[in-house]
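Everything on this sheet refers to the single structure shown next.
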Amino acid sequence: MTDDSPPSTSPHTSTSVTVDGLEGEHARVELVDGTVEIWRLSDLPRDVQEGDILDVRMENGHRHVRIDRAETRRRTQHAQAELSDLNAGSPDGELEL
């Protein structure tokens with residue numbers, strides 16, 4: 001199912017979304033409430049990647065989307081630390097998924 005509607009934001013708001021996956025000309029993004037929407041890649045920064053955190057804000061009636069590199073890095077490091085902790089408890093040193 002493809003929803004080519006623009007990102008859901010109301011005027012004068014700012015929110016963060018997570019890029020869950022890239023599929024052809026579309027990105028699957030997870031909103032703060034956990035719902036998933038399909039957005040056009042053409043509406044996103046050119047270098048967007050899976051796992052990126054996007055800052056979406058409305059200003060003067062225009063939607064601005066930018067990659068929040070600091071938050072993306074923080075969440076990636078947190079997830080890696082959690083995985084390392086899980087692997088440390090494995091008898092072989094690594095978990096097999």
Side-chain angles (χ1 to χ4, degrees):
M1 173 167 70
T2 300
D3 175 7
D4 283 340
S5 60
S8 301
T9 59
S10 57
H12 311 293
T13 63
S14 179
T15 190
S16 291
V17 301
T18 303
V19 178
D20 186 52
L22 302 175
E23 302 168 354
E25 298 297 316
H26 296 90
R28 190 175 54 250
V29 298
E30 183 177 345
L31 307 181
V32 175
D33 66 2
T35 59
V36 175
E37 291 184 354
I38 305 298
W39 292 0
R40 290 185 302 258
L41 279 177
S42 60
D43 292 336
L44 304 178
R46 192 176 315 166
D47 57 342
V48 70
Q49 297 179 22
E50 186 174 308
D52 281 344
I53 307 303
L54 303 178
D55 177 55
V56 182
R57 64 184 169 81
M58 294 296 291
E59 185 176 296
N60 298 325
H62 293 93
R63 184 181 59 249
H64 299 273
V65 180
R66 70 172 186 83
I67 299 170
D68 186 338
R69 297 196 189 283
E71 183 63 13
T72 298
R73 187 171 31 260
R74 187 191 72 74
R75 290 189 191 186
T76 299
Q77 289 170 344
H78 178 74
Q80 185 60 52
E82 287 185 341
L83 182 59
S84 294
D85 288 346
L86 286 172
N87 283 333
S90 173
D92 295 330
E94 286 193 32
L95 288 178
E96 299 280 332
L97 298 181

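- Nearest heavy atoms, R66 versus P45: CA-CG, 4.1 Å.
- Without hydrogens or angle criteria, H26 side chain to G24 main chain gives no donor-acceptor distance under 3.5 Å.
- Within the 3.5 Å criterion, the main-chain N or O of L54 finds no donor-acceptor partner in the side chain of D52.
- Among residues two or more places apart in sequence or in another chain, the side chain to side chain contact (heavy atoms under 4.5 Å, CB included) test is passed with E25 by none.
- Note that the CD atom of E30 and the CD atom of E37 stand 11.0 Å from one another [nearest 0.5 Å].
- Scanning both residues, L22 and A27, for their nearest heavy atoms gives CD2-CB, 3.7 Å.
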The test is side chain to side chain contact (heavy atoms under 4.5 Å, CB included); show your working for E71 and R74 and say whether it passes. CA-CA 5 Å; E71 183 63 13; R74 187 191 72 74; 2.7 Å; yes

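- The OG1 atom of T72 lies 10.5 Å from the CG atom of D55; values are rounded to the nearest 0.5 Å.
- With sequence neighbours left out, D68 forms a salt bridge (charged side-chain N to carboxylate O under 4.0 Å, His left out) with no residue at all.
- Residue T18 comes nearest to G51 through the heavy atom pair CG2-O, 4.5 Å, listed as atom of the first residue, atom of the second, then distance.
- With rounding to the nearest 0.5 Å, the separation of CD in E59 from OG in S14 is 10.5 Å.
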Determine, step by step, whether D43 and V65 satisfy the side chain to side chain contact (heavy atoms under 4.5 Å, CB included) criterion, reporting the C-alpha distance in whole Å, the side-chain angles of both residues, the deciding distance to 0.1 Å, and the verdict. CA-CA 8 Å; D43 292 336; V65 180; over 6 Å; no

